[in-house]
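First comes the structure, then the notes that go with it.
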Amino acid sequence: MAATENKSEEKTKGPDFIRQIINEDIAAGKNGGKVHTRFPPEPNGYLHIGHGKSICLNFGIAEDYNGKCNLRFDDTNPTKEDQEYVDSIIEDVNWLGFNPEIFFASDYFDQMYAWALELIDSGKAYVDSQNAEEMRENRGTPTKPGVDSPYRNRSVEENRELFEKMTKGEMEEGTCILRAKIDMAHQNMNMRDPAIYRIRKESHHRTGDKWCIYPMYDFAHGFEDSIEGITHSICTLEFENHRPLYDWFLDNVSAPCHPQQIEFARLNLSYTVMSKRKLLELVSDKLVSGWDDPRMPTISGFRRRGYTPASIRRFAKEIGVSKVNSLVDINFLQFIIREELNVSADRAMAVLDPLKVTITNYPEGQMEEFEGENNPGNPDAGSRKLPFGREIYIEKDDFMEDAPKKFFRLAPGREVRLKHAYFVTCTDVVKDENGEITELLCTYDPETRGGDAPDGRKVKGTLHWVSAEKGVKAEVRVYDHLFILEDMDDMEEGKDYRDYLNPESLVVKEAIVEPSLAAAAAGKGFQFLRQGYFCTDSRDHSPEHPVFNRTVALKDSWAKIQKKG
RNA sequence: UUGGACGUCGGCAAGCGGUAAGCCACCGGGUUUUGAUCCCGGCAUUCGCAGGUUCGAAUCCUGCCGUCCAAGCCA
């Protein structure tokens with residue numbers, strides 16, 4: 001369960017407000033000093049990075065306090081849930097580095113049913129025969145009190161009889177519902193006789209057709225926590241208004257214990273959406289390739305994008321926990337993975353937009369090999385062979401015909417270094433009939449073999465390159481943000497979030513990569529980290545499909561430099 | 001004329017009555033066979049606003065202002 005292999009996960013902050021509450025509880029001797037949390041997703045979608053935050057929080061607390069954290073599926077609504085989702089959730093939680101004991105709310109249906117009966121018997125629950133519209137009308141509004149249902153004062157006997165009929169499937173969906181009898185005029189709308197059990201004649205992914213009534217979240221959740229002996233039930237801010245209800249149910253039934261609900265702000269990330277509804281739409285409308293599309297903010301999407309479990313964990317830790325609604329810059333997440341990959345990823349060269357270069361004074365037919373270190377910061381990473389010949393490819397953006405002084409790369413008459421190889425000077429530019437540059441002619445200096453000039457002369461730029469003869473063609477996918485809008489709350493009136501999809505979120509390129517990448521290019525894919533964003537996706541993170549760090553900055557950097565002046 | 005929660009740098013976020021941590025971003029300078037990395041330096045006289053209490057307030061009090069949540073038989 002430990003998730004501490006990343007050295008950068010050291011503590012930099014004091015205890016967050018949740019840990020402060022827990023510290024006080026422990027000091028006060030609450031729960032016998034025990035700490036027990038839980039992560040309770042509904043299996044109606046894949047986990048996203050927001051869940052990741054919650055997972056790291058809950059499991060992190062359990063670790064810190066030598067307690068436990070359960071993974072519990074809150075499967076109380078069969079209409080939206082599916083086994084595929086429970087499988088993916090377990091996979092993602094495990095991938096993040098946690099191997100918890102697994103529980104299902106549906107395993108508690110018998111107990112919850114018994115508690116519902118308890119409420120009926122004590123006159124605190126009744127079967128309402130109003131339909132949904134009537135209930136809504138009679139609930140009132142935040143500023144107007146509700147009106148008691150005409151069925152509110154049915155006898156215990158009648159309620160038991162009706163509830164039994166509901167249970168046996170003798171009532172139709174929507175015709176009646178079990179409600180808690182609290183206060184229809186309560187300022188908190190959640191306390192206006194909330195629904196407890198509704199009829200759903202649908203097969204449940206785990207209990208099958210055993211039940212045709214299912215408990216509502218507010219009724220079920222505290223009981224699930226109580227049954228598992230949870231001490232601190234951590235959830236998101238939108239449940240704040242539900243806490244009185246959470247407490248009410250536990251107080252009015254013979255529950256084993258009364259956990260404390262604590263709310264924190266959910267995660268919002270710039271340039272993406274986090275709602276399960278929208279993510280599901282993107283998937284079912286085929287706007288992305290699936291829940292694990294590398295552009296998705298899902299755990300599985302980030303996995304394919306090349307993020308590591310440690311990077312997600314560190315991100316969760318760095319952003320902290322508070323009750324402030326916030327929007328975290330996705331750049332922050334990218335910074336974290338860049339920092340990690342910078343030390344761990346092997347370097348490689350690839351040309352995404354090739355421009356042919358012929359070295360005119362290099363003997364035709366001759367090939368030689370250079371040794372390229374895999375990671376400049378880590379000698380143990382070893383090296384690989386780089387074939388070099390008369391014809392090579394460089395990046396189109398690494399050449400400029402009318403280059404300003406500040407442009408340090410190749411231009412007519414200018415000399416640059418080919419990384420690990422030689423100094424070359426551009427002598428001619430070959431163009432086609434449309435004036436498009438098709439090829440560069442250069443000369444090389446044999447004295448600079450390996451990349452250093454014996455006479456001590458310096459060059460401003462170092463270019464990456466790939467041998468034209470030995471280079472390997474590879475399809476490279478360049479990913480960018482899914483949406484062009486930084487903050488989805490800034491959507492214009494009348495627009496849909498889909499109107500802001502980024503048409504360039506995926507660009508496929510026919511690239512040329514160095515031979516050492518041949519296996520990866522021919523196989524399931526490989527990956528580049530290019531100054532902050534990623535190219536290509538890897539289906540998995542096995543050694544056969546390593547993550548590579550791109551060798552040099554491309555046009556973004558130049559554009560950036562220009563912008564700065 | 002509802003109830004609840006929240007407002008500290010461009011973005012996260014410490015701080016809990018003793019005189020504004022840290023990280024990202026950004027801006028300078030140095031090193032560099034990735035314009036990357038790395039290294040040095042800068043970056044809130046001020047904590048939504050206005051009063052009050054106090055020797056002393058981001059921290060306590062009062063009043064405003066702003067944002068979010070709440071009218072599912074979703075979670």
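In what follows, every chain begins at residue 1, and chains take the letters A, B, ... in the order their sequences are listed.
- Judged by closest nucleotide on RNA chain B, A:Lys53 is the one of A:Asn375 and A:Lys53 placed further toward the 5' end.
- Residues satisfying the side-chain hydrogen bond (donor to acceptor under 3.5 Å, both in side chains) test with A:Arg38, not counting sequence neighbours, are A:His221, A:Ser233.
- Counting only residues at least two apart or on different chains, the ring pair (Phe, Tyr, Trp, His ring centres under 6.0 Å) pairs with a member in residues 179-200 of chain A are A:Phe163-A:Tyr197, A:Tyr197-A:Phe219.
- A:Met184 and A:Val147 get closest at one heavy-atom pair: CE-O, 3.6 Å.
- Nucleotides B:rU31 and B:rC39, compared at atom C1', are 7 Å apart to the nearest Å.
- Residue A:Val324 places its side chain closer to B:rG7 than to any other of B:rG15, B:rA25, B:rG7.
- Of the P atoms belonging to B:rC47 and B:rA57, the separation is 12 Å, rounded to the nearest Å.
- With sequence neighbours left out, A:Asp25 forms a salt bridge (Lys or Arg N to Asp or Glu O under 4.0 Å) with A:Lys30.
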Heavy-atom protein contacts under 4.0 Å, nucleotides 66-71 of chain B, coded B base, S sugar-phosphate only, - none
--SBBB

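- Taking A:Ser54 as the reference, A:Phe39, A:Asn58, A:Phe264 meet the side-chain contact (heavy atoms from CB on, under 4.5 Å) condition, with sequence neighbours excluded.
- Taking atom P on both nucleotides, B:rG66 is separated from B:rG28 by 39 Å, rounded to a whole Å.
- In terms of the salt bridge (Lys or Arg N to Asp or Glu O under 4.0 Å) criterion, residue partners of A:Arg206 (sequence neighbours excluded) are, by chain and number, A:Asp107.
- Between the base of B:rG4 and the side chain of A:Arg243 there is no donor-acceptor pair shorter than 3.5 Å.
- By the 5.5 Å and 30° criteria, A:Phe408 is stacked with the base of B:rG35.
- Searching all strands for a Watson-Crick or G-U wobble partner of B:rA5 with both distances below 3.5 Å returns B:rU67.
- The nearest heavy atom of RNA chain B to A:Leu418 and to A:Lys323 marks one nucleotide each, and the one closer to the 5' end goes with A:Lys323.
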